[in-house]
Each structure stands twice: as C-alpha cells, then as structure tokens.
Amino acid sequence: MDSYDAIVIGAGVIGSSVAWHLAHLGAKRVLVLDRTQIGNGTTSQSSGILRTHYSVAENVELARRSWTAFTDLAAYTGDEDAASGIVKCGYLIASPDSAKLEPLRASLKGQEDKGITIDYLDAAQAAELLPIARFDDAALIGYEPEAGFADAYLVATSFARAARKLGVKIMEGVEVTKLLTANGRVTGVETSAGTFLSNTVVSTQNIWSRDIERWTGIETPVRAERHAALALECEAKYTFQMPVYKDLGSPGMLYCRSYGGAQMLVSEGITGETLAEPDNEQGEIDMDYILEIGAQVADRFPAYETAGLASSWTGVYDVTPDWNPVLGRLNGIDGLVVGYGFSGHGFKLSPGVGRVLAQCALGLPTDVSLDPYSLERFRTGNLLVGKYGSGAVS
C-alpha cells in the first residue's frame, strides 16, 4: 500500500488549488483522487465571476488574497502555461432605497477598510460603463474596477498541471469509498483503486461532502442546490468591456456578465432547487422560470424585453445553513481537514482557500483565521450570515 504526506479528495478548483499549495509549501508526496476528471464536477458549471465584494469580512480577505493568483496565474504557480482567462471588466453593484441599501453601504466600506479600490458612482457614471442598463432607481452604486470574470475550469486544470510539475500524483476516475481511522486519527482512504495511506486527508468534495458524515459520524450540514443560468441575446450587445452587474433591486438579486462578448449570462443570487441527493447532471429549466428571469432582466435592461434565449444550463452549489463554507480541521478526527459548503463562491476564493487549507493540513499558521469557518459555529450559533441574507453574495 502506497503512503503519502497528504491525500486530497476532489480535483475541482478547490482541490487542485490545495494540491498545488501543499507541494509549494513543502509536502513531498501528495496524492489527489477524483471520482471523474479534473475540474469536471461543479467547477465546470461556474459562472466565473471574480469580485472581492462580500458582506462577510473574512470572505473579503480570502478574495483579496486570491487576486494575485487570478491576475497572473503563470507567475503565481511558476508554470508558464498556467492561465485564468481573466477579463478585468469591473464589477458594478447597486441598490435602490430599500432594505439592501445599508448592507451595501457597510459592505463597500468593509472592502475599503481592507485597501480595496471602490468607486462610488452616480447613475450617469454607471450608465457610461454599462449603457444597456438603467440606474434611475439606484440610491447607491459601487464599482470595483479590478474585478471581472475568469474561467474556473482553466484555473482548476492550471493548478493541477502545476501541481504535477511539483511531483503531485493525480488519479482520475477513482472514487473514495471509506476514510480509514485508528485511535481517533486518519490513517488513509479506501478507494475503487485500492487503499492509500496517509495521516493527513483533505476533503474538498463539494456537493458530495456528506460522505464525511457517513465515514465519521460527524454531522455535515451541506445540501446540493441546483441553479439555472441563461444566456440571452439581443441587438443590445453585452460586450467584454462592460462590467459584471449585481442588481440588489431585483427580486432574484440577479447577477449578469458578458458571455461570448455579445450575449448576457444571467442568474439569480438567491436560493435554488434543493436536491435530495448530490447530482451535478444537467437539470430541466422550466419555461415559466425563464420568463420570470426574462422579466427581471427587461426591467433593468429595457432592450432585453425582446431578447432571445441563446442557451441555458444548470449548476449545483454545495450550500450550508449560513451560505458560507466550513474550513479547517474537524474535532474528533485528527488529520482530517475539510473545505466544503462554498455556496456559489468557491471559485472566487479558490487560491486563498487552497493556501489556507494547505497551511492547516501542514500544521502551519494560516493567512486568515479559520475559526469563523469552523463547523462548531452551527452548534454555538455564531453563524456567518451575510448582511444581504441567504444568497451567494455573502
């Protein structure tokens, strides 16, 4: 049986990031196991939006620390072929005079307090950046000029390739069936390809994280939730030069971005369809739902009242009760480190999260305290609920 310094379960964008950071920080023998292929799970369904705007301060810090990687992944990983596909078009977020106004004001200040450049715009200035939208009802508009979007699959495969160049072994098509423990400590994993030994296991299993509960008996509060994304097309093109837009005034807290340089990618930032079992296969999108989203889009983007549906797809979030992840060690099982429950913003945080989980696994001080992300918060009631309520803008 092969023995490793650390085993990572899952080769999505989080797991691939963890693997590279483990090797970069000095782990000599690292094994990554994925049930399918690198980046083939929920990572491949990501809308790819990048921002540091969060109402939870800890998320702002993780997102801020991730920017170095996204901006120049080749330099960050030391692999000249690594890339994120970043488009720095900026990020606009606006609220009318409503219950979202003061949370937005506080969140923008929180970003500024961490040294992030935020511009406050009036309606005319916002319309210069995003002329296809209307801002006549906006009471507050924030603009993050360095934000934008990137390619989550490209980031995952770049981290994985860079990790392999540092000696990490990645096995695809291998399912972990059991976590091995002895005397309260991890000793390895059983898989469809045999048994692998290690005193350190990092689980980045996303919607399949309930396996942890099955293996350990430790309650794992995560559910799989399906969300739909639409690509809309009309004569009013949504170009790559136009910013991502977050509409706190819409019922679904819509987010929109350019898709293909002309179309609009749009989805809701609120709760979706809870699945009985984890499943990232494509789901049905009801026509009534498409019409509902279309009406919300047309209210903000008038020309899109006559837009056509170019394409649509579904993606699945791993959602916790407070819409924020569980990061770090689990009490009762030494050597087990987890990262799950990203609730739609895992990609945005993936470089920073990969680094802190690797630091935690290696017993090093973490760049950001993991205490607020502890599983224990669901027992103590110290939840990381965002100022906007439940949703992926936490």
Fill in: Residues Asp5, Thr200; criterion side-chain contact (heavy atoms from CB on, under 4.5 Å); working and verdict
CA-CA 7 Å; Asp5 295 341; Thr200 301; over 6 Å; no

Worksheet item: Stepwise, does the side-chain contact (heavy atoms from CB on, under 4.5 Å) test hold for Tyr91 with Lys246?
Response: CA-CA 8 Å; Tyr91 179 83; Lys246 180 67 176 181; 3.2 Å; yes

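- Between Phe149 and Phe347, the gap from one ring centroid to the other reaches at least 6.0 Å.
- For the atom pair CZ of Arg223 and OG1 of Thr320, the computed distance is 8.0 Å after rounding to the nearest 0.5 Å.
- Placement of Trp20 and Leu327 within a single hydrophobic cluster is found when ILVMFWY residues are connected by side-chain heavy-atom separations under 4.5 Å, directly or transitively.
- Considering all non-hydrogen atoms of both residues, Ser343 and Val319 come closest at OG-CA, 3.4 Å.
- No hydrogens or angles considered: a donor-acceptor pair under 3.5 Å links the side chains of Asp34 and Thr36.
- Counting non-hydrogen atoms of neighbouring residues, nucleotides and ligands closer than 6.0 angstrom, the NZ atom of Lys109 reaches no more than 12 such neighbours.
- The shortest non-hydrogen separation linking Tyr143 to Cys89 is OH-O, 3.7 Å.
- Listed for the Glu61 side chain is no donor-acceptor partner under 3.5 Å among the backbone atoms of Val368.
- Under a hydrophobic clustering in which Ile, Leu, Val, Met, Phe, Trp and Tyr are joined whenever their side-chain heavy atoms come within less than 4.5 Å, directly or via other members, Leu33 and Trp208 fall into different clusters.
- No donor-acceptor pair under 3.5 Å is formed between the side chain of Thr191 and the backbone N or O of Val174.
- Distance CG/Leu140 to OG/Ser95: 7.0 Å, rounded to 0.5 Å.
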Could you go through residues 151-168 and list every donor-acceptor pair under 3.5 Å that involves a side-chain atom there, pairing it with any protein atom two or more places apart or in another chain?
residue : atom : partner : partner atom : Å
Asp151  : OD1  : Tyr153  : N            : 3.1
Asp151  : OD1  : Leu154  : N            : 2.9
Thr157  : OG1  : Tyr153  : O            : 3.0
Thr157  : OG1  : Leu154  : O            : 3.1
Ser158  : OG   : Ala83   : N            : 3.1
Ser158  : OG   : Ala83   : O            : 3.2
Ser158  : OG   : Leu154  : O            : 2.8
Arg161  : NE   : Asp79   : OD2          : 3.2
Arg161  : NH2  : Asp81   : O            : 2.8
Arg164  : NH2  : Ile170  : O            : 3.3
Lys165  : NZ   : Asp79   : OD1          : 2.8

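- Looking at Ser55, its side chain never comes within 3.5 Å of a backbone N or O of Gly386 through a donor-acceptor pair.
- More than 12 heavy-atom neighbours from other residues, nucleotides or ligands sit within 6.0 angstrom of CD on Glu213.
- One finds the CG atom of Asp119 at 10.0 Å from the CG atom of Leu92 (value rounded to the nearest 0.5 Å).
- For Tyr245, the ring pair (Phe, Tyr, Trp, His ring centres under 6.0 Å) partners are Phe135, not counting sequence neighbours.
- No side-chain N or O of Glu284 forms a donor-acceptor pair with one of Tyr289 less than 3.5 Å apart.
- Put simply, the side chain of Arg377 reaches to within 4.5 Å of the side chain of Asn324, judged on heavy atoms.
- Put simply, Leu50 and Met253 are part of the same group of oily side chains (I, L, V, M, F, W, Y) that touch within less than 4.5 Å, one to the next.
- The closest donor-acceptor contact from the side chain of Gln359 to the backbone of Asp367 lies under 3.5 Å.
- The two atoms that bring Leu370 and Gly328 nearest to each other are CD1-CA, 3.9 Å, heavy atoms only.
- One N or O on the side chain of Ser16 and one on the backbone of Ala11 form a donor-acceptor pair closer than 3.5 Å.
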Tabulate below the donor-acceptor pairs under 3.5 Å that side-chain atoms of residues 226-244 make, not counting sequence neighbours, or state none.
residue : atom : partner : partner atom : Å
Arg226  : NH2  : Glu281  : O            : 3.4
His227  : NE2  : Glu225  : OE2          : 2.8
Tyr238  : OH   : Pro243  : O            : 2.6
Tyr238  : OH   : Cys256  : O            : 3.4
Thr239  : OG1  : Gln241  : N            : 3.3
Thr239  : OG1  : Gln241  : OE1          : 3.3

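- Every residue two or more places apart in sequence or in another chain that forms a salt bridge (charged side-chain N to carboxylate O under 4.0 Å, His left out) with Arg300 is listed here: Asp137, Asp247.
- Taking OG of Ser198 as the reference point, atom CG of Leu31 lies at 8.5 Å (rounded to 0.5 Å).
- None of Ile14, Val337, Val18 except one satisfies the side chain to side chain contact (heavy atoms under 4.5 Å, CB included) rule with Val8; the exception is Val18.
- Remark: side-chain polar atoms of Gln45 are paired, donor with acceptor, to backbone N or O of Val316 under 3.5 angstrom.
- Between the side chain of Arg355 and the main chain of His21, no donor-acceptor pair closer than 3.5 Å is present.
- With hydrogens and angles disregarded, no donor-acceptor distance shorter than 3.5 Å links the side chain of Glu190 to the backbone of Thr195.
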Fill in: Candidate pair Asp318 and Thr42, rule side-chain contact (heavy atoms from CB on, under 4.5 Å), full reasoning
CA-CA 9 Å; Asp318 51 332; Thr42 58; 5.9 Å; no

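- Under the 30°/60° scheme for interplanar angles, the aromatic rings of Phe301 and Tyr304 are found to stand perpendicular.
- The nearest pair of heavy atoms linking Ala139 to Leu101 is CB-CD1, 4.0 Å.
- Side chain of Ser84 to backbone of Leu73: no donor-acceptor contact under 3.5 angstrom is found.
- Gln111 and Thr52 share a donor-acceptor pair across their side chains, judged by distance under 3.5 Å alone.
- Using a 4.0 Å cut-off between charged nitrogen and carboxylate oxygen, Arg134 and Asp299 count as a salt-bridge pair.
- In this structure, Leu309 and Ile290 approach most closely via the heavy-atom pair CD2-CD1, 3.7 Å.
- A donor-acceptor pair under 3.5 Å is absent between the side-chain atoms of Lys387 and the main chain of Leu104, judged by distance alone.
- Partners of Tyr4 by ring pair (Phe, Tyr, Trp, His ring centres under 6.0 Å), not counting sequence neighbours: none found.
- Neither Ile207 nor Trp215 shares a network with the other; the hydrophobic side chains, linked directly or stepwise wherever heavy atoms of I, L, V, M, F, W or Y lie under 4.5 Å apart, form separate groups for each.
- Not counting sequence neighbours, Phe342 has no partner by the ring pair (Phe, Tyr, Trp, His ring centres under 6.0 Å) test.
- Trp67 and Glu144 make their closest contact through NE1-OE2, 4.3 Å (heavy atoms, listed as atom of the first residue, atom of the second, distance).
- The CG atom of Leu180 sits 11.5 Å away from the CG atom of Asn199 when rounded to the nearest 0.5 Å.
- Note that CZ of Arg257 is 12.0 Å distant from OG of Ser267, once rounded to the nearest 0.5 Å.
- Ring geometry, Trp323 versus Tyr317: the interplanar angle exceeds 60°, so the pair is classed perpendicular (tilted spans 30 to 60°).
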